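Worksheet: the structure to be examined is printed underneath.
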Amino acid sequence: MDFKEVEKKWLKFWEEHPELYTAQNVSSRQKKYVLNEFPYPSGSGLHIGHTFSFTGGDVYARYWRMRGYNVMFPMGWDAFGLPTENYAIKMKRKPQEVAKENNDVFRNQMKRLAFSYDWSREVNTADPNYYKWTQWIFIKLFEKGLTEKKEMPINWCPSCKIGLANEEVVDGKCERCGTEVERRTISQWVVKITKYADRLIDGLKQTDFIEKVKMAQINWIGKSEGARVKFQISSRDVPRNVSTDFLEVFTTRPDTIYGVTFMVISPEHKIVEGLDSKEVKDYVKQARSKSDLERTELNKDKTGVFSGLYAINPVNNKEIPIWISDFVLASYGTGAIMAVPGHDERDFAFAKKFSLPIIEVIDKDGRMKDSEMINGMTKKESIKKIIDWLKEKGMGEGANSYHLRDWIFSRQHYWGEPIPMVKCPEHGWVPVAEDQLPVVLPEVEAYEPTDDGKSPLSKMTEWVKTTCPRCGKPAERETDTMPNWAGSDWYFLRYCDPYNDIVIANQELLKKWLPVDVYIGGDEHNTLHLLYSRFIYQFLWDLGMVPKEIPEPYFTRMSHGVILGTDNARMSKSKGNVIVPEIVADKYGVDVIRMYLMFMGPFEGTMAWNEKTLMGVKRFLDRLEKFVDEQINSQFASKQDNGLIINKMIKGVGEDVENFGFNTAIAKMMEGLNSLKEANKEEVETIIKLIAPLAPYTAEELWASCAKASEGSVHAQSWPKYDEAMLIETEINIPVAINGKVRGQLVVKEDAIKEAKELPKIKLWIEGKEIVKEIYIPGKMINFVIR
RNA sequence: GCCGCCAUGGUGAAAUUGGUAUACACGCAAGACUUAAAAUCUUGUGCUCUCAACAAGCGUGGGGGUUCGAUCCCCUCUGGCGGCACCA
């Protein structure tokens, strides 16, 4: 078979028959929404990781289609983003043009790889008709008070010249380019995802995500249960300009409150502003100049300064000093802690360094001591008692705290969705009127980001100048754009109704298709895209824009694995170990690369590319083709044996594909073919159908060679049904064991135990011994326990 | 440090509910075809002892437990991967 000719022929055929893969909005068949994370189309084309993940989704989608399901398997482009902008700058071209070219390249590559997408639903985040709705979501967030513009310190990447979200900073470095991030204070749009922290945790119960994904999200949100406690600032030495009467802290251990010997506040705490001792000012200045990375790297050696202030412990009225230290984070809890050096490592280290008192309040049995009202109580009892007491006195209450931070949503770049806001001198920030959406990204002369932290759009004075949507007076547009995640948060909704101009997507259509049954993607998105996306969905749910009966957008999440280079290292251009799917496809054919990727190992696994192993798959396809060729016209009448083999294949391959066990599905195909010596026409046709999801070209060609063309594409055939009766093996060989060790084999006829004892080998073992116990599990095994 | 996951031949890996460990493939070895090689086909291939076969013993990271029986369940240790991390 000349695979190049075959591919050309069927590619054309499929192009002419898009209905093969169309998801039907009106259909009585059961729906199945299979989704692969849409790609960011870079200039270097589809890489092997895409090919791997997308092939898995494709095999799965094709299988369910053959099973008679109404399958939605869509594709689109996450087209906004920095690499395209950088490339455009380098080449002195328009990002719009570059992005379009990249999309076209990706689409053609996907078609060649036989991915059965419903192209009538293609979406593109950089299309104004799409980002109109991304902007609309932003306006709704603003109207509901979930976004506001704030001066805040952000992570600034000096290389990308862009502000980063917390999630985009890894080990103090820019996730994209690896440059160490700096701190800058810039006016930024902030989306209050923290308001949804509990919902984002609770909602996981309604999903079928694997434990790893759930835990990654739960850890990221980082909920801690505890209490907020107010400590009165002692009147003795308070400078006049310290306005706060109370210092509020968050603690997970209110039970240890009798062990508090000092307080610590972060250098950014607002009380610090009112302190003018030179020591304090010097310390704060020094702490401010450190980056986050420097602060956390210095965690062995604690630094700090005494503020000069004291606080009163509400439970025993003891006066304790308030210190300032940068080991207390301004961004967590209240930016202040009650220090219990007797039972907290960090507090202990600080107390040692500055010779502060250390008191223990828990005895060896874990019961409270030296703690007046809770002496002898357990941790749990004490926490409840203290919280109740504080509440009664108005000095505190039970409270939760989260690691999750609000989401910095502004980017100082060109190639993104314009934030649809206008600043009016009179009314402040006002959203663009809905009927004025989209705010189209204007074409500019220069896309280069600027060192002053302003978006290139700020230079477009004509575009910036506008009128206030509320009062009509002169006003200015927001010139920052949205982050990458904005467009990808909700794209799966748009596939359900890609051309709707009135709402984000029609309710009935959403009700029909949602939730996404299987969402296939990479682990790197478990705390980024997947969390943001669930948040936006929950927000839309609150607005009533998505169906009430569907509180979570994704049911199952499948993590695809990673393909390493032949050297067992991650593929990268600098290492020169990159495998290009196009080149492999040119050499061996698309079906071989698809089958090999699926055969390498488990779908979630990490596997190294090995071209020798690929040959095994190629040989299998060659053998299959030869077998079909030889057997299709044979007059062979099926035998019982064949029935068993074929039915086992149907059952095994189907079940494996349903569980993303593509490697074992292929193994079962191989095993079946190896054991078939000959086959009749019907059996041959069944085998072709079974291979169709995995090797779409080969299957189509073989199907046609069976003179089946009149029945249409093999991909439109129904998946073969297996006959349970044919799966029963007539001769069952069961093992006979002595003390759990297999010593013989038996074909059971009537009395299994009696027959087993008569086996010559077994006889030898039991002779002269006492049989203590006889275990017979019909169809499974026999075991004699002897002494 | 906390949370989650994993450990099986020379290699990638299978094994449904606790019931024949190593399916399938690679690699390797021998043979067939060939002047020869490639390709293809056939056979063998966990380890130890043995010329070989039979038989036996050992064997799913180490140790222990439950069980007639453990890759699978429980305890513990070691090693590796991933997430979070001065988070009070």
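Just the heavy atoms: all of them, side chains too, but no hydrogens, waters or symmetry mates, feed the values below. Only a predicted model underlies this, so the values are computations on that prediction, with no experimental measurement involved. Chain letters run A, B, ... following the sequence lines, proteins first, then strands; residues in each count from 1.
- Applying the Watson-Crick and G-U wobble criteria (two distances, each under 3.5 Å), B:U35 pairs with nothing in any strand.
- Taking the ring centroids of A:F784 and A:W765, they lie at or beyond the 6.0 Å cut-off.
- Contacts of A:R228 with the nucleic acid, taken as non-hydrogen atoms under 4.0 Å apart, are absent.
- Between A:N526 and B:G4 there is no side-chain N or O to OP1 or OP2 distance below 4.0 Å.
- Note on A:R619: a side-chain N or O is less than 4.0 Å away from OP1 or OP2 of B:U40.
- Side-chain contact of A:E37 with A:H529: a donor-acceptor pair under 3.5 Å is absent, judged by distance alone.
- With 3.5 Å as the limit, one finds a donor-acceptor pair spanning the side chains of A:D198 and A:Y402.
- The C1' atoms of B:G83 and B:C75 are separated by 26 Å, rounded to the nearest whole Å.
- A straight line from NZ of A:K352 to C1' of B:C86 spans 19 Å, rounded to a whole angstrom.
- With hydrogens and angles ignored, no donor-acceptor pair under 3.5 angstrom links the side chain of A:N219 to the base of B:C84.
- Comparing B:C24 with B:C77, their P atoms sit 39 Å apart, to the nearest whole Å.
- Straight-line distance from the CD1 atom of A:I777 to the C1' atom of B:A70: 15 Å, rounded to whole Å.
- Interface remark: the A:K302 side chain does form a donor-acceptor pair with the B:C86 base, using a distance-only criterion of under 3.5 Å.
- Scanning atom types as modelled, one donor and one acceptor separated by under 3.5 angstrom connect the side chain of A:Q745 and the base of B:U20.
- When only modelled atom types and interatomic distance are considered, A:T303 and A:Y283 share a side-chain donor-acceptor pair under 3.5 Å.
- The side chain of A:S224 places an N or O atom within less than 4.0 Å of a non-bridging phosphate oxygen (OP1 or OP2) of B:A88.
- The nucleotide whose nearest atom lies closest to any side-chain atom of A:T251 is, among B:A21, B:A88, B:C26, B:A88.
- Contact annotation: A:N663 reaches the phosphate of B:A14 (side-chain N/O to OP1 or OP2, under 4.0 Å).
- Between B:G19 and A:K780, no contact under 4.0 Å exists linking OP1 or OP2 to a side-chain N or O.
- Remark: B:U60 base-pairs with no nucleotide in the shown strands. Criterion, Watson-Crick or G-U wobble with two distances under 3.5 Å.
- Between A:K612 and the phosphate of B:A25, there is no side-chain N or O to OP1/OP2 separation shorter than 4.0 Å.
- OP1 or OP2 of B:C26 has not a single side-chain nitrogen or oxygen of A:W609 nearer than 4.0 Å.
- The phosphate of B:A56 (OP1 or OP2) has a side-chain N or O of A:R743 nearer than 4.0 angstrom.
- A salt bridge links A:E774 and A:K757; the closest N-O separation between the charged side-chain nitrogens and carboxylate oxygens is under 4.0 Å.
- B:G4: Watson-Crick or G-U partner is B:C81, with both key distances under 3.5 Å.
- Searching all strands for a Watson-Crick or G-U wobble partner of B:C54 with both distances below 3.5 Å returns nothing.
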